Every structure is written in C-alpha cells, then in structure tokens.
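What follows is a single structure, written as structure tokens, with notes after it.
Source: prediction; values computed, not measured.
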Amino acid sequence: MNREAVIAEALDLLDEVGLDAVSTRKLAKRLNVEQPSLYWYFRTKKDLLAAMAEAAMAPHATAPLPTPDDDWRAWFADNTRSFRRTLLMRRDGARLHAGSTPTGDLDRIRRKMDFLVASGVPERDAQTAMLAASRFVVGSVLEEQAETDPGASADLPADLPVIDHESAFEAGLALILNGLAHRVSPAAVPVCSS
C-alpha cells in the first residue's frame, strides 16, 4: 500500500457512496488495513480530502497549456469546459473541490494568467475572470450533481422553463467571455479584414 493507492481507493469509495459517507473507517476496511494505518499517509480526514481533490483534478491539471498562437476566447472557453468535465467525472466532484487550494497547480495557473495578459486582458481582469469562471463552474456542477431526480420537474408549473444544465452552463460562460472581451485592450484584438 502507498499514498497513491490510498487516494485511488478513496476516490472509488467517493464514487460509490458519495462525499458524506466517505470515512477513514470505510476506507480502511476497503484496503484491508486497520484505520490507524491510514494516518501514516494522512494525518487527518481533511488532509485525505485535499489529496483526493487534487487527484480528482488530474484530467484538467494535465490539459495542454495555452500557446501564444491560441485565441484567448477559445482557450478560456475550452479551459472552463475542461474544468467542468473534470468535476463531473466524480460523484460530488464539485463538493470535493469546493474550498480546496490548488497549491500543486500554481505554476500552471500563473502560465494561464500570463497568456491572458499577453493576449491583452488587463491583469486584474484576468485574475477576476479566472476566479469568476472557477466559481461559476463549481456552482453549476454543484447544482447539476445535487439534482437527484430529473423527472421531478413534472410537479413544477408548466410555464417554468426546464433547466438544461449544458445550455445553462454555455450561456453563463458566454456572458463571462463577453464581459471580459469588453475589457481587453483594443490593440490586442485582431482586426478582421474583408
């Protein structure tokens, strides 16, 4: 048994029982070890959850970084969608991620920020947009994962629109992008010739 095996089994447990039911007792039982042996790898359950959150983000954390030739709008949209897809891969993925600090991903975040600034996005606006998009994604996925019975909408009034999570997410992302586009330096916006 090693740290990675414990994290992998903890993520499998999460997918099976949900975040509220994840416990070191259940994890130890799945690993066929005594509960105190888990403390060799994680001093507290909070430490275990932080490691789980970091490992669950691996698909997004290994996505390609932007290149100077990338269109900032397309990259920003793809990056935000990648984050959403990653959170949706795990049961309670948004709850697991919420409140975590991406300390292992700080270099990647800096490179993303540098790309936005080099693309003409003012630094403070780039920071705010990345934070707003992150929180928007977590909130969207939280709502999506909290919906336990999609058929329950039959009890709602007929004139209440049905929430399509994908469309609602894309509409919100477009609003963030369109708002940010108004903040970009005019010199950085490519001129289209006819």
Side-chain angles (χ1 to χ4, degrees), residues 1-33 35-66 75-113 115-116 127 129-150 163-170 172-173 176:
M1 184 169 77
N2 60 38
R3 181 180 167 88
E4 291 73 27
V6 173
I7 294 169
E9 192 63 38
L11 287 170
D12 289 345
L13 178 62
L14 170 72
D15 288 339
E16 184 180 308
V17 302
L19 188 60
D20 291 333
V22 169
S23 69
T24 54
R25 181 185 56 77
K26 287 180 184 173
L27 180 57
K29 184 176 180 180
R30 288 174 69 107
L31 291 166
N32 293 316
V33 298
Q35 187 175 354
S37 67
L38 295 176
Y39 297 120
W40 176 259
Y41 303 102
F42 305 100
R43 293 178 49 100
T44 66
K45 182 178 177 185
K46 183 178 177 181
D47 293 342
L48 172 63
L49 291 174
M52 290 169 61
E54 184 176 339
M57 288 305 300
H60 180 65
T62 57
L65 287 166
W75 172 82
F76 190 93
D78 290 345
N79 183 66
T80 306
R81 289 180 189 117
S82 168
F83 182 34
R84 177 176 179 261
R85 280 191 306 273
T86 299
L87 291 181
L88 286 169
M89 289 177 165
R90 294 282 176 189
R91 180 175 177 178
D92 296 331
R95 288 183 59 214
L96 178 65
H97 180 78
S100 65
T101 304
T103 54
D105 203 27
L106 293 179
D107 182 57
R108 290 178 59 82
I109 292 169
R110 284 186 189 100
R111 291 178 63 188
K112 292 174 182 184
M113 294 295 302
F115 166 74
L116 288 173
Q127 292 169 347
M130 292 288 288
L131 181 62
S134 174
R135 290 183 175 176
F136 169 67
V137 170
V138 171
S140 295
V141 172
L142 183 63
E143 288 292 332
E144 192 168 347
Q145 290 181 327
E147 187 175 288
T148 56
D149 184 9
I163 296 175
D164 168 12
H165 296 292
E166 186 77 25
S167 297
F169 172 78
E170 288 296 329
L173 176 56
I176 292 170

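Within the 4.5 Å cutoff, side-chain heavy atoms of Trp75 are placed close to those of Leu116. Side-chain atoms of Val137 and Arg81, non-hydrogen and from C-beta on, never get closer than 4.5 Å to each other. Put simply, the side chain of Leu96 reaches to within 4.5 Å of the side chain of Leu11, judged on heavy atoms. Two residues are said to be in side-chain contact when any heavy atoms from C-beta on lie closer than 4.5 Å; Leu48 and Leu38 fail this criterion. Counting heavy atoms from C-beta on, the side chains of Phe83 and His97 come closer than 4.5 Å. A heavy-atom distance below 4.5 Å is found between the side chains of Phe42 and Arg3. Within the 4.5 Å cutoff, the side chain of Leu88 has no heavy atoms near those of the Arg85 side chain.
The backbone N or O of Arg30 sits nowhere less than 3.5 Å from a side-chain atom of Glu9 that would complete a donor-acceptor pair. Using modelled atom types, one side-chain atom of Thr80 and one backbone atom of Phe76 make a donor-acceptor pair closer than 3.5 Å. With Ser82 contributing its side chain and Asp78 its backbone, the two residues share no donor-acceptor pair below 3.5 Å. Side chain of Glu143 to backbone of His165: no donor-acceptor contact under 3.5 angstrom is found.
With sequence neighbours excluded, the residues that form a side-chain contact (heavy atoms from CB on, under 4.5 Å) with Lys26 are Leu13, Ala21, Ser23. The side-chain contact (heavy atoms from CB on, under 4.5 Å) test applied to Ala61 returns Asp105, not counting sequence neighbours. In this view, Ser140 and Phe136, Phe169 satisfy the side-chain contact (heavy atoms from CB on, under 4.5 Å) rule, not counting sequence neighbours.
Remark: Lys45 NZ is packed, more than 12 non-hydrogen atoms of other residues, nucleotides or ligands lying under 6.0 Å away.
Nearest heavy atoms, Ala133 versus Ile176: CA-CD1, 4.1 Å. Contact record, Val141 with Leu87: CG1-CB, 3.9 Å, taken as the closest heavy-atom pair. Annotation for Ile7 and Ala51: closest pair CD1-CB, 3.8 Å, computed over non-hydrogen atoms. When all heavy atoms of Arg90 and Ala56 are compared, the closest pair comes out as CG-CB, 4.2 Å.
The CE atom of Met130 lies 5.5 Å from the NZ atom of Lys112; values are rounded to the nearest 0.5 Å. For the atom pair Met1 CE and Leu31 CG, the distance stands at 6.0 Å (nearest 0.5 Å). Atom CG of Leu27 and atom CG of Leu14 lie 11.0 Å apart (nearest 0.5 Å). For the atom pair CG of Leu65 and CZ of Arg108, the computed distance is 4.0 Å after rounding to the nearest 0.5 Å.
A salt bridge does not link Glu16 to Arg91: none of the charged nitrogens lies less than 4.0 Å from a carboxylate oxygen. Asp107 has no carboxylate O lying under 4.0 Å from a charged side-chain N of Arg110, or vice versa, which leaves the two without a salt bridge. Ion pair Glu166/Arg84 flagged as a salt bridge, since at least one NZ, NE, NH1 or NH2 atom sits closer than 4.0 Å to an Asp/Glu carboxylate oxygen.
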Next on the checklist: Run the side chain to side chain contact (heavy atoms under 4.5 Å, CB included) test on Asp92 and Asp20 for me, step by step, so that the C-alpha distance in whole Å, both residues' side-chain angles and the decisive distance to 0.1 Å come before the verdict.
Outcome noted: CA-CA 9 Å; Asp92 296 331; Asp20 291 333; 6.0 Å; no
